[in-house]
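Here the structure comes first, spelled out in structure tokens, and everything after it is commentary.
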Protein chains: 2
Amino acid sequence: MSTAEPTIITKRLRADAVRNRAKVLEAARAAFAEHGAEAQMEDVARRAGVGVGTVYRHFPTKQALAEALVEERFDRTIAFVRGLLDEEPDPWRALERCFEYCAATQATDRAWAAALALMAGGTMGPREHQMRELLALEEQLLAGARAAGVVREDLVATDLPALFCGLASVVQAGGDAWRRYLELLLDGLRPPAR
Amino acid sequence: MSTAEPTIITKRLRADAVRNRAKVLEAARAAFAEHGAEAQMEDVARRAGVGVGTVYRHFPTKQALAEALVEERFDRTIAFVRGLLDEEPDPWRALERCFEYCAATQATDRAWAAALALMAGGTMGPREHQMRELLALEEQLLAGARAAGVVREDLVATDLPALFCGLASVVQAGGDAWRRYLELLLDGLRPPAR
DNA sequence: ACCTGAACACCGTTCAAGT
DNA sequence: ACCTGAACACCGTTCAAGT
């Protein structure tokens, strides 16, 4: 939930700085949702009602700002999967809902796709802690599915980032081709003998 | 094979203009292979040994230059699939080799991924003629595979662009995760009853 | 301590001057 | 007809001056 750098003690910020940081993040969410990766820093500053310098004071680079949004998305995704684990009794349906969540999430947040690509590439990069946590939860989910015999025996959590990355890019491609894509993909994850 | 605009009569170019155009394309191939989408026009001009203005005379925009490379790639891909159709007797292996070609091709040419995304999105865009030709060849290939009972009955050529688009993004993500991804994907395309 | 916004750097694109 | 490269526009980033 904390938006401070991991492993670094949160610096005490002046009250107005805290408010500005929040306004910048809020503005960035809107700007990135609307314009994707080519959202402009000047625009973020304008929406937040601050000078560009303030944006850069809180986030040293556009990339860093995008990553902060990704961090939020990770938290939400982790919460979602945790929710599935104790609310969705059907292990296959739970897996299916993970993929649907991934697809739905792409529409409003394009920086997220870049993060998924990082995971798929195996370079944990920053957000390593969150990536591990998400993978651990997904492994639990898969364990249930394997035990129920509804997925191929050899499917493990570390296979998933690449699958999500692929799905993300198909969703980004536009149109509704991703639905058919997901159908083929999910069918292919079932155990070979049916 | 022609690199002129489709449906527009090829203008007669002065001999030096023809040479320059070829030099620019050659330079662009190298620049894009090395730096991906953020290759610089100035760099392309330098490699080609011409002024930037000349690059812009032949290709009105960086996007247009990237598209010219994509056009070449389309031609090569079409030739490759055509080759498969009369050299590869095993219909499953032929399909497999299409995907492997797609993956291999990503390493050296990142603009290609954008074109695949266009196809996946269903927006034929420019290159429509080439897209249709490629799809027609792939449909022939799939027809053979379906007849031999080695792929799911309902798999059609228009399903493929999304699959290629997904694979492309996983390859771009780096690492070798794409091999496992491709394994899962291809297994999933086999007929359900084995 | 933190904020502002003019100034700088970089790169895509244009165009006046050349051949 | 085509080429050149200085100049322009745009946007990410910095920093001197303010509060």
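Lettering follows sequence order; numbering is per chain, from 1.
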Among [options], find the nucleotide with the atom closest to the side chain of [X].
{"X": "Thr54(B)", "options": "dT4(D), dC2(D), dG12(C)", "value": "dT4(D)"}
{"X": "Asp16(B)", "options": "dA6(D), dC2(C), dC2(D)", "value": "dC2(D)"}
{"X": "Val50(A)", "options": "dC2(C), dT13(D), dT4(C)", "value": "dT4(C)"}
{"X": "Met41(A)", "options": "dG12(D), dT13(C), dT14(D)", "value": "dG12(D)"}
{"X": "Gln40(B)", "options": "dC2(D), dA6(C), dC11(C)", "value": "dC11(C)"}
{"X": "Ala17(A)", "options": "dG12(D), dC2(C), dC3(D)", "value": "dC2(C)"}

Take atom [atom1] of [X] and atom [atom2] of [N], then tell me their distance rounded to the nearest Å.
{"X": "Glu38(B)", "N": "dG12(D)", "atom1": "CD", "atom2": "P", "result": "15 Å"}
{"X": "Lys62(A)", "N": "dT13(D)", "atom1": "NZ", "atom2": "P", "result": "8 Å"}
{"X": "Asp43(B)", "N": "dC11(C)", "atom1": "CG", "atom2": "P", "result": "10 Å"}
{"X": "Glu42(B)", "N": "dA6(D)", "atom1": "CD", "atom2": "C1'", "result": "11 Å"}
{"X": "Arg57(B)", "N": "dT19(C)", "atom1": "CZ", "atom2": "C1'", "result": "13 Å"}
{"X": "Arg46(B)", "N": "dC11(C)", "atom1": "CZ", "atom2": "P", "result": "10 Å"}
{"X": "Asn20(B)", "N": "dC3(D)", "atom1": "CG", "atom2": "P", "result": "5 Å"}

How are the rings of Tyr101(B) and Phe80(B) set relative to one another: parallel (under 30°), tilted (30 to 60°) or perpendicular (over 60°)? parallel

When you measure from the side-chain N and O atoms of [X] to the phosphate of [N], is any distance below 4.0 Å, counting only OP1 and OP2?
{"X": "His58(A)", "N": "dC2(C)", "answer": "no"}
{"X": "Arg14(B)", "N": "dC2(D)", "answer": "no"}
{"X": "Thr61(A)", "N": "dG12(D)", "answer": "no"}

Does [X] come within less than 4.0 Å of [Y], counting only side-chain N to carboxylate O?
{"X": "Arg97(B)", "Y": "Glu100(B)", "result": "no"}
{"X": "Glu34(A)", "Y": "Arg47(A)", "result": "yes"}
{"X": "Glu38(A)", "Y": "Lys62(A)", "result": "no"}
{"X": "Arg146(A)", "Y": "Glu139(A)", "result": "yes"}

How would you label the contact of Ala39(A) with the nucleic acid (heavy atoms, under 4.0 Å): base, sugar-phosphate, or nothing? sugar-phosphate

Quick one: label Ala64(B) by what it contacts on the DNA or RNA (base, sugar-phosphate, nothing), any heavy atom closer than 4.0 Å. nothing

Nucleotide opposite dC10(C) in a Watson-Crick or G-U pair, distances under 3.5 Å: none

Applying the 3.5 Å cut-off to both distances, the Watson-Crick or G-U partner of dG18(C) turns out to be dC2(D)

